[in-house]
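Computed from a predicted structure; not experimentally measured. Nothing fancy with the numbering, it's 1 onward along the sequence.
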Amino acid sequence: MKRASSVLVLGATSAIAEHLARHLAARGASLYLTGRSGERLTVIAADLRIRGAAEVAIEQLDVIDRPALNGIVARAAQALGSLDTVLFAAGLLPDQTQVETDPALLRLTLEVNAISAMVVLNAAAAYFERQGHGQLVAIGSVAGDRGRAANDAYGAAKGALEIFMSGLRQRLHKSGVQVLLVKPGFVDTPMTAGFAKGPLWASPERVAQDIVRAMDRGRSVIYTPWFWRGIMLIIRHLPERLFVRLRF
């Protein structure tokens, strides 16, 4: 990953993806950015060109638009002339009380955070498998490590994504394709603007730095910041009879 590369970024208007794209642009990468806001994509693309990106193409895309999503990998590869990396950073963190009473929002949460990601990553896996190299990167969450009352649908979606990424990693092991799952803890982004912040919170730039480092090193799974690995190790191993009584 230290060389210039051709990268498809889905959810490029998210804070983590934008900061990561800045690092890639500084390396001279060619970028194909998608997001729901065409106006915001245009602003980000202009900034990335100034930062050194070899090429920046944009496409306004909602990941729940199934026909458009199905062809995104092919369109990005054609526009850039090649494709080395696919990063799925789109996400939806719903209000839990609304999820509990709104079946449509529950389905949307699963669609955005899990199903859409799987569709793109599956298409990219086939492309990279034929090519003989490439890198798949997906933004998961520590929420996927264990179901919690505070975000059960979101956590379930991220847990499903982790299992899917594990399957892809095994499938592509002999194909020269790297598969990286990123598991951030609390990140201070517009999506979490309504949450009270504390010492466990990280900036999107900190998370982006960790992702770039993991991509360079060919890692499979990372927690970011690093201390979340220990925190989640404890949470995962709490006995269920104790865990169900906790509120956090």
Side-chain angles (χ1 to χ4, degrees), residues 10-18 34-41 60-70 72 87-122 138-167 181-204 207 223-224 228 231-232 234-248:
L10 295 105
T13 58
S14 71
I16 293 174
E18 182 179 357
T34 79
R36 291 189 298 165
S37 171
E39 181 179 354
R40 183 75 184 122
L41 284 171
Q60 188 172 357
L61 172 71
D62 191 327
V63 295
I64 65 172
D65 182 345
R66 296 179 184 179
L69 193 67
N70 288 341
I72 188 58
L87 167 67
F88 192 95
L92 171 66
L93 180 60
D95 180 89
Q96 177 64 23
T97 58
Q98 294 182 28
V99 169
E100 292 169 3
T101 58
D102 186 350
L105 181 57
L106 173 57
R107 291 189 180 95
L108 182 63
T109 301
L110 298 173
E111 180 83 17
V112 172
N113 294 304
I115 297 172
S116 296
M118 293 175 185
V119 168
V120 172
L121 295 168
N122 190 56
I139 308 296
S141 172
V142 296
D145 278 19
R146 192 164 190 176
R148 294 172 52 231
N151 57 10
D152 54 7
Y154 179 78
K158 293 300 188 179
L161 177 61
E162 177 167 12
I163 292 173
F164 187 76
M165 292 288 280
S166 178
L181 176 68
V182 180
K183 304 174 77 169
F186 303 135
V187 185
D188 189 0
T189 70
M191 192 166 71
T192 59
F195 290 73
K197 306 303 188 294
L200 295 180
W201 287 75
S203 69
V207 173
Y223 288 83
T224 173
W228 280 101
I231 293 172
M232 298 313 299
I234 295 171
I235 291 175
R236 287 198 312 272
H237 286 86
L238 286 173
E240 190 70 9
R241 63 182 180 277
L242 172 61
F243 183 76
V244 295
R245 298 180 182 182
L246 301 176
R247 290 293 179 264
F248 60 91

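Pairing each heavy atom of Leu41 with each of Ala12, the nearest pair is CD2-CB, 4.1 Å. For Phe243 against Gly147, the heavy-atom pair with the smallest separation is CE2-O, 3.1 Å. In this structure, Ser37 and Thr13 approach most closely via the heavy-atom pair O-CG2, 4.3 Å. Nearest heavy atom pair, residue Ala153 against residue Leu110, reads O-CD2, 3.9 Å. Of all heavy-atom pairs spanning Ala202 and Val207, the tightest one is CB-CG2, 4.3 Å. Scanning both residues, Gly11 and Ala17, for their nearest heavy atoms gives O-CB, 3.4 Å.
Rounding to the nearest 0.5 Å places CD of Glu111 at 9.5 Å from CG of Asp62. Rounding to the nearest 0.5 Å gives a distance of 9.5 Å between CG of Asp102 and CZ of Arg107. A distance of 9.5 Å separates OG of Ser141 from CG of Leu181, quoted to the nearest 0.5 Å.
Met232 is linked by a side chain to side chain contact (heavy atoms under 4.5 Å, CB included) to Val142, Asp145, Tyr223, Trp228, Ile235, Arg236, counting only residues two or more places apart in sequence or in another chain. With sequence neighbours excluded, no residue forms a side chain to side chain donor-acceptor pair (under 3.5 Å) with Ser116. The side chain to side chain contact (heavy atoms under 4.5 Å, CB included) search around Ile163 returns none, not counting sequence neighbours. Arg40 is linked by a salt bridge (charged side-chain N to carboxylate O under 4.0 Å, His left out) to Glu18, counting only residues two or more places apart in sequence or in another chain. Residues meeting the salt bridge (charged side-chain N to carboxylate O under 4.0 Å, His left out) test with Arg36, sequence neighbours left out: none.
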Can you list the steps and then say if Asp152 with Gln96 is a side chain to side chain contact (heavy atoms under 4.5 Å, CB included)? CA-CA 8 Å; Asp152 54 7; Gln96 177 64 23; 2.9 Å; yes
Any chance you could lay out the side chain to side chain contact (heavy atoms under 4.5 Å, CB included) test for Ile139 and Leu87, step after step, and finish with the verdict? CA-CA 8 Å; Ile139 308 296; Leu87 167 67; 4.2 Å; yes
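The side-chain heavy atoms of Leu121 and Leu161, taken from C-beta on, include a pair separated by under 4.5 Å. At least one side-chain heavy atom of Pro67 sits under 4.5 Å from a side-chain heavy atom of Asp65. Asn151 is not listed as a side-chain neighbour of Val99, based on a closest heavy-atom distance of 4.5 Å or more. Lys183 is listed as a side-chain neighbour of Glu162, based on a closest heavy-atom distance under 4.5 Å. With a 4.5 Å cut-off on side-chain heavy atoms, Leu69 and Leu10 count as touching. For the pair Val63/Phe88, a side-chain contact is recorded, criterion being any heavy-atom separation below 4.5 Å from C-beta on. Side chains of Leu242 and Leu238 form a contact here, defined as non-hydrogen atoms less than 4.5 Å apart.
A side chain to side chain donor-acceptor pair (under 3.5 Å) check over residues 237-248, counting only residues at least two apart or in different chains, returns the pairs Arg146-Glu240.
Side chain of Asn113 to main chain of Thr109: a donor-acceptor pair is present (N/O by atom type, distance under 3.5 Å, no hydrogens or angles).
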